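Shown next, in structure tokens, is the structure this report addresses.
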Number of protein chains: 2
Amino acid sequence: MTDAALHIHPTGHDHAACVGEALEIAETLCVERGARLTPLRRRVLELVWSSHRPVGAYDILGRLDESARKPAPPTVYRALDFLIEHGLVHRIESMNAYLGCNHPEQSHTGQFLICRECGNVTEMDDDDVRQTLRRKAAERGFDARSQTVELVGLCANCKAG
Amino acid sequence: MTDAALHIHPTGHDHAACVGEALEIAETLCVERGARLTPLRRRVLELVWSSHRPVGAYDILGRLDESARKPAPPTVYRALDFLIEHGLVHRIESMNAYLGCNHPEQSHTGQFLICRECGNVTEMDDDDVRQTLRRKAAERGFDARSQTVELVGLCANCKAG
DNA sequence: TATGGCCTGATACAGTGTATCATACTACAT
DNA sequence: ATGTAGTATGATACACTGTATCAGGCCATA
């Protein structure tokens, strides 16, 4: 974990605390559910949380390499699948990349705000939006089961700066 | 164009008319804008419109093969870029695939309803949704410039059937 | 200790997308 | 008609993303 770029984040916050909190939440949640947060899965989650920017599967793969012997792609995808299934990670469809989520309790598919300047992504998770989309789709006879909402633009910091 | 699966569509409508209309609209629009709808671009647009399901770039590539000598990937991607730029085609992010649009006049990024049963995709293009998203993002200090909205679920036909 | 289920390793391959350079086709001006 | 600039296409190579499949290892419980 030497790449400074990994540590870019919105406000000058203590990112180590973010990661720590996320890992702790994950531990707790997995215990509750009887799911196994193995060292590999934990490590992948940690790498996904290395910044507030989505991380590609092959980035993760590359960084796992550094520490021990190199795992193959399926290993990473399986870990990601597990984390996604438990709401600990989101997939950003428009980037084919993955982002940590620190409130996995609510079953949800969030709405994502992707800054085209700094690359940081924040989650909205707004229920009005969710309901509006469900309703609008229903008006057209469509029964929406899952939603992908990703907005690209400028975050507050980058607008100001 | 022998694959019957290509012709699956929502209601038993006359899909040839869909394609014809789309091509005509494209012609008109390109003339208006001084853009060149070359034979290749026209053919790619036609292939995208072969159904109401998103088509992958390499599907297009494969079908271009059938007729003449095989073009390389960049050729297809350039044609798609052109068509997207002019609003004639949308990219469905969650599927890495492309869908024809028959109302390219309004500058828009639509909202898409993807049926997980039949695979057909319809466009909502609802301005309430667009405005709601813009506003909700703005409330968080985010200036949204482009929106990706893709809902997966069951279309009216598949619910009924 | 045996069995079954889950996790991981490993190979191979399929699908998606881009960088780069080369060629051809206009359209327009000389 | 020639040259020139801009655009469109051809072609090669490569990078990134994801999956199918089989094999082995670990661990809990019977």
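Source: prediction; values computed, not measured.
Counting to the nearest Å, the P atom of dG10(D) and the CZ atom of Arg41(B) are 11 Å from each other. A straight line from NE2 of His86(B) to P of dT7(D) spans 12 Å, rounded to a whole angstrom. For Leu37(A) and dT8(C), the CG to C1' distance is 15 Å, given to the nearest whole Å. Distance CG (Leu64(A)) to C1' (dT8(C)): 13 Å, rounded to an integer number of Å. Rounded to whole Å, the distance from CZ on Arg42(A) to P on dC7(C) is 17 Å. Rounded to an integer number of Å, the gap from CD of Glu85(B) to C1' of dT7(D) is 13 Å.
Every side-chain contact (heavy atoms from CB on, under 4.5 Å) that Glu21(B) has, sequence neighbours left out, goes to Ile25(B). Every residue was checked against the side-chain hydrogen bond (donor to acceptor under 3.5 Å, both in side chains) condition with Arg116(B), not counting sequence neighbours, and none meets it.
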**OP:** Let me have a per-nucleotide readout for nucleotides 9-24 of chain C, 5' to 3', with B, S or -, counting only protein heavy atoms under 4.0 Å.
**Re:** BBB----BBBB-----
Original post:
How does each nucleotide of nucleotides 24-30 of chain D score, in 5' to 3' order, for protein heavy atoms under 4.0 Å: base (B), sugar-phosphate only (S), or none (-)?
Top reply: -------
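In this structure, Gln111(A) CD and Leu151(A) CG are separated by 8.0 Å, a value rounded to the nearest 0.5 Å.
Although no hydrogens or angles enter the test, the distance criterion places no donor-acceptor pair under 3.5 Å between the side chain of Glu117(A) and the main chain of Cys158(A).
In summary, Arg42(B) and Glu46(B) do not engage in a salt bridge, as defined by a charged side-chain N under 4.0 Å from a carboxylate O. By the 4.0 Å N-to-carboxylate-O rule, Arg130(B) lies close enough to Asp127(B) to be salt-bridged with it.
Applying the 4.5 Å side-chain rule to ILVMFWY residues, one finds Ile92(A), Met95(A), Leu99(A), Phe112(A), Ile114(A), Val121(A) in the same cluster as Val152(A). Membership of an apolar cluster is not assigned to Val31(A), as no side-chain contact below 4.5 Å to another ILVMFWY residue is traced.
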